[in-house]
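Below: one structure, written as structure tokens.
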Amino acid sequence: MEDFTKEELQEALRAIASTISKCEKVQPKLKEGTSQHTLLIRRIKALRIASALITRELENIS
């Protein structure tokens, strides 16, 4: 697995947080039960998992 610098991980975390925020703003506009809504929910969950893993990695670096 590739090693990333602390700065790269922090930047990735900022980008993920921004994307999560944008997805959450769109979510109320999508009708529940549609494929777009389901995809968005799954995307938000995946991004939150990625964020948690990056945060864990940053804690191990510090």
Side-chain angles (χ1 to χ4, degrees):
M1 185 170 163
E2 186 176 341
D3 289 327
F4 299 100
T5 66
K6 183 176 180 179
E7 292 76 21
E8 289 173 325
L9 292 173
Q10 289 171 333
E11 180 58 33
L13 201 53
R14 281 189 289 275
I16 289 172
S18 173
T19 304
I20 290 171
S21 176
K22 290 174 185 177
C23 288
E24 288 173 339
K25 288 178 184 175
V26 170
Q27 186 178 350
K29 298 175 184 176
L30 298 177
K31 186 175 179 184
E32 208 168 314
T34 63
S35 59
Q36 292 90 350
H37 185 265
T38 302
L39 177 62
L40 187 65
I41 296 297
R42 290 178 181 164
R43 184 172 287 145
I44 291 170
K45 185 170 184 164
L47 289 166
R48 287 184 177 150
I49 290 169
S51 178
L53 292 171
I54 291 171
T55 299
R56 185 188 310 167
E57 185 66 24
L58 282 168
E59 289 170 356
N60 290 337
I61 290 175
S62 300

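Keep in mind that this is a model prediction, so the values were computed, not measured.
- Thr55 places a side-chain heavy atom less than 4.5 Å from the side chain of Ser51.
- Arg14 and Glu11 are joined by a salt bridge, as a carboxylate oxygen and a charged side-chain nitrogen come within less than 4.0 angstrom of each other.
- Summarising the geometry, atom CD1 belonging to Ile61 is positioned 13.5 Å from atom CZ belonging to Arg56; distances are rounded to the nearest 0.5 Å.
- Remark: side-chain polar atoms of Thr19 are paired, donor with acceptor, to backbone N or O of Ala15 under 3.5 angstrom.
- For the atom pair Ile44 CD1 and Cys23 SG, the distance stands at 5.0 Å (nearest 0.5 Å).
- Under the salt bridge (Lys or Arg N to Asp or Glu O under 4.0 Å) criterion, Glu57 pairs with no residue, sequence neighbours left out.
- To the nearest 0.5 Å, the span separating CG on Asp3 from CD on Glu8 amounts to 10.0 Å.
- Atom CD1 of Ile16 and atom CG of Leu53 lie 9.0 Å apart (nearest 0.5 Å).
- Summarising the geometry, atom OG belonging to Ser21 is positioned 11.5 Å from atom CG belonging to Leu47; distances are rounded to the nearest 0.5 Å.
- Within the 4.5 Å cutoff, the side chain of His37 has heavy atoms near those of the Gln27 side chain.
- The residues Glu24 and Lys29 are annotated as not salt-bridged, no charged nitrogen and carboxylate oxygen being separated by less than 4.0 angstrom.
- A distance of 12.0 Å separates CZ of Phe4 from CG of Leu58, quoted to the nearest 0.5 Å.
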